[in-house]
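To keep things clear, I will list the structure first and then write my remarks on it.
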Amino acid sequence: MATTLATPKPASAAPTPPAPAECHTRVRNSHATADCYNGNATPDRVQLHLRCAHWWDPAMDTALATVDPLRHVTLSQRCWLRIREAWVSHAPG
């Protein structure tokens, strides 16, 4: 009696998420600006976040902005005095 071993099917690769828009952030004194360009085929939603240097100065976030394919957006926000940290987050459009 011969037994047949089942060969496992190769695991299908999970689809890779689209690349985010390319963003460059600049901080100058109490102002921050992020320029984002989306060279991809799918939209990307971007948001600029700031952490202010002083405890009494609240953290600031811009509204989400959609960067359509082959488009550019500029986001800006400020703290009252100085910025400790600035970054951009991405969400699929």
Side-chain angles (χ1 to χ4, degrees):
M1 171 182 236
T3 58
T4 307
L5 297 174
T7 55
K9 293 182 180 179
S12 61
T16 54
E22 184 177 328
C23 297
H24 298 280
T25 305
R26 291 182 311 279
V27 174
R28 186 172 190 176
N29 299 325
S30 62
H31 296 271
T33 304
D35 290 305
C36 299
Y37 174 74
N38 186 5
N40 305 302
T42 56
D44 187 17
R45 297 180 70 193
V46 294
Q47 185 175 24
L48 175 63
H49 306 275
L50 300 184
R51 183 167 291 131
C52 300
H54 299 284
W55 65 268
W56 47 262
D57 201 355
M60 303 297 289
D61 300 324
T62 64
L64 279 168
T66 300
V67 188
D68 289 322
L70 303 175
R71 294 290 183 192
H72 170 268
V73 298
T74 299
L75 305 170
S76 62
Q77 188 58 275
R78 66 176 298 237
C79 291
W80 280 102
L81 290 177
R82 286 184 297 150
I83 295 172
R84 175 180 299 157
E85 187 178 12
W87 71 96
V88 176
S89 64
H90 300 266

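Residue numbers run from 1 in the order of the sequence given.
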Please name the pair of heavy atoms, one in [X] and one in [Y], separated by the smallest distance, quoted to 0.1 Å.
| X | Y | value |
| --- | --- | --- |
| Leu70 | Gly39 | CD2-CA, 4.2 Å |
| Leu50 | Ala86 | CD2-CB, 3.5 Å |
| Cys23 | His90 | SG-CE1, 3.7 Å |
| Pro69 | Ala41 | CG-O, 3.4 Å |
| Thr66 | Pro43 | CG2-CB, 4.0 Å |

Query - Test side-chain contact (heavy atoms from CB on, under 4.5 Å) applied to Thr74 and Thr33, step by step - result: CA-CA 7 Å; Thr74 299; Thr33 304; 3.5 Å; yes

Query - Nearest-0.5 Å distance that lies between atom NE2 in His31 and atom CD in Gln77 - result: 10.0 Å

Report task. Enter the distance from Arg45:CZ to Cys36:SG here, rounded to the nearest 0.5 Å. Result ->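 So the gap between those two atoms works out to 13.5 Å.
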
Report task. Not counting sequence neighbours, which residues clear side-chain contact (heavy atoms from CB on, under 4.5 Å) with Ala19? List them please. Result -> Asn40

Query raised in the report: Quick one: salt bridge (charged side-chain N to carboxylate O under 4.0 Å, His left out) pairs with a partner in residues 61-84, sequence neighbours left out?
Result: none

Query raised in the report: Do any pairs count as a ring pair (Phe, Tyr, Trp, His ring centres under 6.0 Å) and have a residue in residues 35-54, sequence neighbours left out, and if so which ones?
Result: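 Sorted pair list: His49-Trp87, His54-Trp56.
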
Report task. Would you please test Leu81 and Ser30 for side-chain contact (heavy atoms from CB on, under 4.5 Å) and show each step? Result -> CA-CA 5 Å; Leu81 290 177; Ser30 62; 5.7 Å; no

Do [X] and [Y] touch side chain to side chain, with heavy atoms closer than 4.5 Å?
| X | Y | result |
| --- | --- | --- |
| Val67 | His72 | no |
| Val73 | Val46 | yes |
| Leu48 | Met60 | no |

Requested in this report: Kindly say whether Thr62 contributes a backbone atom to a donor-acceptor pair with the side chain of Gln47 at under 3.5 angstrom?
Outcome: yes

Requested in this report: Give a yes or no on whether the backbone of Trp80 and the side-chain of Asp57 come within a donor-acceptor separation of less than 3.5 Å.
Outcome: yes

Query raised in the report: Do you see a donor-acceptor pair shorter than 3.5 Å between the side chains of His24 and Asp35?
Result: no

